[in-house]
Amino acid sequence: MTKILVIEDEKSVRENLVELLEAEDFETICAANGQVGLHLALTEAPDLILCDLMMPELDGYGVLTTLRQELLTATIPFIFLTAKATKSDFRQGMDLGADDYITKPFTRAELLSAIDSRLQKRFTLKQYFSDSLQPKAFSSEMLVVKSILHEAIEQGHFRQFYVEYQPQVDIASGQIIAAEALLRWQSPELGMVAASELIPLAESTGLIIPIGEWVLQSVCQQNKIWQNAGYFPLRIAVNLSAREFTQPDLSQKIVKFLAANNLEPDYLELELTESLIMQDVNTAIATINELRSLGVKIAIDDFGTGYSSLMYLKKLPINKLKIDRYFIHNVVNDFQKAAITTALIQMGHNLNLQVIAEGVETEAELDFLRQYQCDAMQGFLFSRPLPAIEFQKFLSLEKLWDS
């Protein structure tokens with residue numbers, strides 16, 4: 001049975017929603033505020049979430065922001081229910097990763113139509129990700145999804161795609177020193193497709209290659225635009241998937257994108273996951289050395305989540321370790337996470353690597369990282385990923401806090 005989580009602080013509205021949903025044979029769980037709703041979303045794994053926007057303590061934006069950072073909840077369909085219907089409110093919710101936005105008062109038909117649409121998308125994509133692990137034919141629905149992706153690239157010329165930028169901040173000085181570029185796909189047919197869904201789909205079809213090239217070109221171009229406008233030069237990191245990393249002509253492509261935009265290689269960083277490198281360590285080391293020879297920087301993303309990379313770490317020609325958000329979340333109150341995080345920071349420094357913490361959400365986490373001399377941080381405490389025009393406002397700031 002499909003499970004729907006209803007997060008609504010107004011009792012009468014909450015009860016009416018539950019009655020309507022249960023009449024349609026949905027299993028429902030309820031929360032009277034955002035904090036409880038967040039806990040239920042993380043523990044109950046609902047198939048869809050209906051969430052009021054305006055709530056005390058933790059509003060709908062806060063609930064969605066946290067859920068989109070967690071691996072287990074990042075792709076759960078999320079529908080806002082709200083009386084606020086301005087364009088800016090709608091845009092903010094969609095930028096954070098909402099799947100739909102229903103304005104109160106709404107009809108039963110409007111609500112059920114939105115739920116059905118989001119559940120169908122989730123079913124189709126989940127079916128693909130489970131089926132793709134097995135050597136059997138794709139469903140007709142998944143072929144449609146693949147066709148939509150093909151058309152979005154070939155006919156749409158990437159107009160449905162855009163890049164957001166999340167700042168990386170030097171912990172000692174409070175200055176923005178870099179940013180991570182993150183791909184987004186807003187499909188007219190599918191809505192906002194999460195990166196966790198898009199990247200495996202693009203990998204399986206081979207479309208990750210043209211998509212990745214478009215991202216690299218866009219990031220190099222945007223970075224040079226900011227430099228030409230007089231902003232302080234930043235290094236911008238781009239994630240590489242396994243298929244991109246193993247291209248025999250990857251270095252030539254990097255050189256082409258840098259040259260086409262007259263961008264110095266020091267301002268481009270390539271992020272590789274720990275698991276990608278561990279697939280073939282010796283080949284990975286050779287490729288990284290080739291990329292480093294161009295002058296670009298290399299970072300290991302999500303570090304600490306693997307199980308066999310420590311013995312190879314000193315051999316890897318990298319510049320930066322990014323500590324996975326799992327270890328940062330609640331690090332102040334979890335002595336095991338604290339021990340691992342401090343060890344990773346010390347190890348990185350001993351190897352002359354810059355260490356950056358991902359997923360920093362609270363002042364307490366930042367204070368912990370400052371105490372143990374982590375170099376930099378990235379996370380929702382100071383900014384979610386932003387479209388280029390919004391991120392540019394950060395570039396005007398001298399620093400985010402006093403050193």
Side-chain angles (χ1 to χ4, degrees), residues 163 165 168 170 177-183 199 203 206 208-228 232-304 306 308-323 344 347-356 358 375-376 378:
V163 176
Y165 299 86
Q168 298 175 352
D170 181 88
I177 55 174
E180 180 179 0
L182 298 159
L183 174 65
I199 300 305
E203 281 263 291
I208 193 66
I209 301 301
I211 291 174
E213 291 177 358
W214 178 83
V215 172
L216 280 166
Q217 165 63 21
S218 299
V219 168
C220 290
Q221 182 180 47
Q222 183 62 68
N223 201 356
K224 192 61 179 180
I225 288 172
W226 283 328
Q227 291 186 19
N228 289 341
F232 186 80
L234 293 179
R235 182 176 298 136
I236 298 183
V238 176
N239 294 276
L240 288 187
S241 70
R243 197 156 185 167
E244 292 175 279
F245 183 64
T246 55
Q247 294 176 89
D249 59 345
L250 177 60
S251 293
Q252 293 93 311
K253 289 182 178 180
I254 298 295
V255 170
K256 180 182 72 172
F257 294 131
L258 292 170
N261 294 282
N262 194 28
L263 183 70
E264 292 295 322
D266 189 55
Y267 298 119
L268 176 64
E269 181 173 273
L270 303 176
E271 289 193 6
L272 312 171
T273 63
E274 188 178 356
S275 58
L276 183 157
I277 292 174
M278 289 303 105
Q279 290 176 13
D280 186 342
V281 176
N282 292 330
T283 300
I285 290 174
T287 302
I288 294 172
N289 273 321
E290 185 177 344
L291 293 169
R292 283 286 304 273
S293 70
L294 304 178
V296 301
K297 305 302 181 183
I298 305 293
I300 296 186
D301 196 14
D302 301 334
F303 190 78
S308 59
S309 57
L310 286 175
M311 62 185 294
Y312 295 102
L313 187 58
K314 65 184 179 67
K315 299 180 181 180
L316 296 175
I318 60 175
N319 305 98
K320 181 188 292 184
L321 285 184
K322 299 187 73 178
I323 302 177
L344 291 175
M347 179 182 63
H349 288 166
N350 289 342
L351 294 172
N352 200 30
L353 302 174
Q354 184 186 30
V355 181
I356 178 170
E358 295 187 280
D375 299 302
Q378 175 180 344

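This structure is a prediction, so every number in the text was calculated from the model and none was measured.
Partners of Glu213 by side chain to side chain donor-acceptor pair (under 3.5 Å), not counting sequence neighbours, listed by chain and number: Lys253. Pro317 is linked by a side-chain contact (heavy atoms from CB on, under 4.5 Å) to Ile285, Ile288, Asn289, Arg292, counting only residues two or more places apart in sequence or in another chain.
Scanning both residues, Gln168 and Lys320, for their nearest heavy atoms gives OE1-NZ, 3.1 Å. Contact detail for Val355 and Gly348: the closest heavy-atom pair is CG2-CA, 3.9 Å.
Aromatic ring centres of Trp226 and Tyr267: separated by at least 6.0 Å.
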Working for side chain to side chain contact (heavy atoms under 4.5 Å, CB included), residues Ile177 and Asp375: CA-CA 11 Å; Ile177 55 174; Asp375 299 302; over 6 Å; no
Intermediate values then yes/no, side chain to side chain contact (heavy atoms under 4.5 Å, CB included), Gln227 and Leu263: CA-CA 9 Å; Gln227 291 186 19; Leu263 183 70; 3.5 Å; yes
Side chain to side chain contact (heavy atoms under 4.5 Å, CB included) evaluation trace for Trp214 with Leu183: CA-CA 10 Å; Trp214 178 83; Leu183 174 65; 3.9 Å; yes
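Put simply, the side chain of Asn319 never gets that close to the backbone of Gln354: no donor and acceptor are under 3.5 Å apart. In this structure, Arg235 contributes its side chain and Glu269 its backbone to no donor-acceptor pair below 3.5 Å.
Of the candidates Ile236, Ile356, Asn239, Asn239 is the only one forming a side-chain contact (heavy atoms from CB on, under 4.5 Å) with Glu180.
Other residues, nucleotides and ligands contribute more than 12 heavy atoms inside 6.0 Å of the CG atom of Asn228.
A salt bridge links Glu358 with Lys322: the distance from a Lys NZ or Arg NE/NH1/NH2 to an Asp or Glu carboxylate oxygen falls below 4.0 Å.
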